[in-house]
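Below is one structure, written out as structure tokens; the observations come after it.
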Amino acid sequence: MAENPFDPVTLSKIANMELRARLVVDGALSGIHKSPYKGSSIEFLEHKEYSPGNEIKHIDWKVLAKTDKYYVKQFEEETNLKCFVFLDTSGSMGYKSTGVSKFEYAATLAASLSYLLLKQSDLVGFVSFSDRVLQYIPPRSRLTHLHAILNVLAESKTTGKSNAGVILNEFIEKIGRRSLIIIISDFFDDTKKIVRQLKYFQFKKNEIILFQILDPYELTFPFETITFFESMEDDRRILADPKSIKNRYLSEINHFVETFKQSCFENQIDYWLINSSTPLDQALIKFLARRESSLRSIQKS
Amino acid sequence: MLSFLNPILLLGILGASIPIIIHLINKKKAVSHKFAAIDFILETNKRIYVKFKLRQLILLILRTSLLVFLAIALARPLIKNLGSGTAEKNIPTSNVIIIDDSYSMQYADRHESFFISAKTVAKRIVDTLTKDDDAVIIGCSGIALQVLPELDYDKKHILNSIELLQPGFVTTHIATALDTAVEVLTTAKSPVKRIFLLTDLTRNGWDPSWFKSGHEKLRRHVSKVHIIDISEGKTLKNIAITRVEPRLDILERNAEGQIKVTISNFSPVRAKDVLVQVLLDGKRVTQGFFNIDAYASESKEFFFTVEKGKDHTGWVEIAGDNLSADNKRYFTINTSHKLDTLLIDGDPKTNIYESETFYLEKALNPGREHVSPIKPVICSIQEVNNFAFADFNIVFLCNVETVPSEKIQELEKFVKEGGSVIFSLGNKVDAVYYNNALSALLPHRLHTTRTFSSDSPLSEEQPLHLKTSEPIHPVVRILSETQMHTLSSVKFYRMFYIDPTPLGNCKTVLSFSDDTPALIERQIERGKAVLFTSSIDRDWTDLPVKPFFLPLMQQLCRYVSGSMTEEVHKEILVNHGWQFPCPYDMNTIEITNPEGTQTIVQPRFIDNERSFEYNETTIPGIYAVTAGGKSHPQLPQKFPVNVNATESNLDKIDQKEISAFMGGTNLTITTSHTGEGPDVLLGEAKKTLWGSLLFLALCILLVESFVSRK
């Protein structure tokens, strides 16, 4: 049986992140002809007197006919959207049970989304963070900008604690209005604080999408023998009998996820829980389909 | 008071550290796993960790206590019943320790035999004695002790006497031992008199008849009887050779040996494929397999060829079982005896049935091939010059009228040098001639003939019969009781009276019913002369057609030739005496037992006959008989001694039966287990704890499995 090319494990074998992103996005878009983000492309800004070196094709022939003067049309290149991708690179994102780590999955997802957005000439900014901002790439719309993001992704390493609330607070001023904020994390953090911060963004008419990436082991807790569980973000170590705590653990984590999900729903924040063993294209297709339907409903209203 | 029978096993408590070590190792060896959602585990573990720790602790406690209880249970703890043992403490006691030394005590189904265990137990009992206590060790072999053993205060002496005690091959005689013990204790001065009987409790050693009066002696003279069952109360299994019956058929060139072997299975299960081997002169000559039902016996006959002209020794053996003493049974076969006899027929007839020697020859050598070791040669008096008497062992003169004078001299010389002559009379015999010519050989002078017949007009009285004379002569001893009784059925119609004055050293072998001698023997230097005062054919008597005529004649030949030893020697049981008539010119013989110990035996008079008697048949095997270091033709070269098979039956006597036998006696019966302390052996510890502890350990095991699975 041929391997699913969108399986995270299969994808992880492709070293080139761009290729990975292209594979995911192109595959995902093969069934979708129209991007929900596609709007007007180039907008006229002002006329400027022609000077040598300007492109002849930009001369406004109508103005020449009326005024007999050479004016060159100046355009402002405008995108549909300004998008900020926040990627959590805290230690907990480095967890990997069987397939790929949550970070690898999240990075591929971030790359795929960036590619998708840039392909549509949207501005894409990128932030990698743990308890502080590790890398910040301001939004650009050129497709070549993708390389900058991919380079950061390639160099990123999971370390430190996650503190998304503080990070978001830092970006309140930087992110203007009507932007798309994508946060990819496991949200093993103070979710209340995160939601509180996100409310500010929402107030400024920003759209927010949260991808919560969790490992299948985190969701099923299939351990059998007595184990020393070690924290990935600090020195904590706990001896536990998985059999005896399994039910309790599952109840706890489900409660955490459900509470977070509910909180997002109440605040009209788009929330996606993704199991890191899920094929990436499926995650992306579902996401795009959902986005399309939600945008349509907004446009109708 | 808590004590332990196997305190050394308390070291097993150290094993309790194993779960602790495992616990620590497991703790160290717990798999480390980096996990992102550790906060949730922490959240969960806060509640469960305590429970988990508690469960681990409970498991650790359960496992540790399980091992501790097991170790304690194996160390056999017991609570001493203070009520029964202390009464005798600080009071001087006299103790007779009877150790069963019968061969059933050689039973060994573990690392040591019952006998060794009994010695160990006896030593422990001695260890409990104080300086005011005296004791003596006696065996159970049933041999009457010439000197009554004395009580001794010296523990070293007592322990030494235990050490010197060896297992015997005898049967158990509890009664004899108890008798001796009572006798010893009767003279003891201590206020408390105790008997310790260390035995395997096999039934055969208990003689119920003794206890009819014996229990009264025990009750009166003994304070307490402790019986300690060394067999640990087990059902004992044994397969034994209980009988071997060798026979010998001497053929023309060789001899065919035949042995009937009886194997008994004294076990509660059927014995399958028991290999039985017959060995002759150290070489296996035949073998076979037996299948014997539980508590049953089976016999089979084995055949083998035996070289003629030799003494052979052999044994039958079975594969080893728990009791090896009865797995071998010895036998001897002698094919070297050959008695050449010359039968001088004084009244030969054309019709051989009417010849004087017809019946005698058939008696001495019945059949053709199946010949006896006695080889008769018949000749008439006319032919006698053709034979030299020295070539024969015995010469029969059967109704011979006259003997050439030179032959008479030869005959006298022949007898003096060890040969034998047997006279039988008849109508040809002239008393005057005999009295004159053969007076040097005849035991008595002949008188006149007398005729007895109720049918005949010549009769004066009723026919005479035979009877044995007292003491019973060795020749007649071979006859069975039935044959002895039928002696009176023989009718004698005519016989010679003899002169009452013997002509030499004479003995009457058989008499007529009127007390006149019928068969008389006379010792003449190294030889013998025998006179039968009637005819050896049917002319004057119906003796030749009586069933005992054959054994009587053959035995007479053996006797006079000094070859009483039969081809197949009867087996002698251990501790039973061996007796043999002393040949004329012999003063001492040497008997060498199977271990090589030689004993000089001198003849003594037994039943008015000079005989050798040897009573040191203490071990089974083949005993060699020599005279001056050499074998003697008139003595058996070897004889077999075997164990008494009754001891092979290991059926045990019930404790209730013993209690019934010893009614009124202060009796304790305890079962000895390996390593048991003297307290238990003395019946002073009543309550053992290991059963409860083992039950507790089982409960812990169940709880542990429940907790660990949860």
Side-chain angles (χ1 to χ4, degrees), chain A residues 88 90-97 101-103 106 158 161-162 185-191 212-257 276, chain B residues 14-68 70 697-710:
Chain A
D88 181 2
S90 66
S92 65
M93 285 298 282
Y95 182 65
K96 170 174 129 178
S97 60
S101 70
K102 289 192 287 183
F103 174 73
T158 54
K161 285 194 170 186
S162 170
S185 171
D186 55 10
F187 294 105
F188 289 158
D189 205 338
D190 185 351
T191 51
Q212 186 173 23
I213 314 293
L214 291 179
D215 190 90
Y217 271 36
E218 290 170 339
L219 293 165
T220 55
F221 204 68
F223 302 101
E224 291 281 334
T225 53
I226 294 171
T227 309
F228 267 117
F229 291 100
E230 293 175 1
S231 171
M232 301 184 78
E233 297 182 346
D234 50 33
D235 297 333
R236 284 177 299 168
R237 239 169 145 245
I238 302 161
L239 179 67
D241 178 18
K243 280 191 212 165
S244 62
I245 63 167
K246 183 175 182 176
N247 292 336
R248 202 84 197 173
Y249 168 85
L250 290 176
S251 153
E252 284 285 334
I253 198 153
N254 287 334
H255 178 256
F256 164 74
V257 168
S276 65
Chain B
L14 293 176
S17 59
I18 294 170
I20 298 167
I21 293 166
I22 290 171
H23 179 80
L24 294 173
I25 289 171
N26 277 347
K27 204 172 176 181
K28 278 191 177 175
K29 278 195 172 177
V31 186
S32 288
H33 190 87
K34 286 191 178 291
F35 197 62
I38 196 163
D39 289 329
F40 299 97
I41 296 175
L42 264 175
E43 198 63 34
T44 310
N45 224 29
K46 271 180 196 169
R47 286 187 288 271
I48 292 179
Y49 188 64
V50 177
K51 202 173 155 189
F52 168 71
K53 276 277 183 189
L54 190 66
R55 195 172 72 97
Q56 291 290 90
L57 189 67
I58 290 169
L59 276 175
L60 182 65
I61 291 167
L62 284 173
R63 286 166 186 167
T64 310
S65 54
L66 175 71
L67 288 173
V68 169
L70 267 178
L698 185 70
C699 292
I700 291 171
L701 196 67
L702 289 172
V703 174
E704 191 271 344
S705 62
F706 176 74
V707 175
S708 62
R709 277 170 188 276
K710 200 176 174 185

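Bear in mind the structure is a predicted one, so any value in this text is a computation, not a measurement. Lettering of chains follows the sequences in order, A, B, ..., and the numbering in each one begins at 1.
Of the atoms belonging to A:Ser231, heavy atoms from both backbone and side chain fall under 4.5 Å from chain B. Heavy-atom distances place both the backbone and the side chain of A:Phe229 under 4.5 Å from chain B.
Classified by interplanar angle (parallel below 30°, tilted 30° to 60°, perpendicular above 60°), the ring pair A:Phe256/A:Phe188 is tilted.
Using a distance-only test at 3.5 Å, with no hydrogens or angles considered, no donor-acceptor pair links the side chain of A:Tyr249 to the main chain of A:Thr220. A donor-acceptor pair under 3.5 Å is formed between the side chain of A:Lys102 and the backbone N or O of A:Ser92.
Residues passing the side chain to side chain contact (heavy atoms under 4.5 Å, CB included) test with B:Ile61 are B:Leu57, sequence neighbours excluded.
Heavy-atom pairs under 4.5 Å with chain B peak, among A:Thr225, A:Leu214, A:Asp186, A:Thr227, at A:Thr227.
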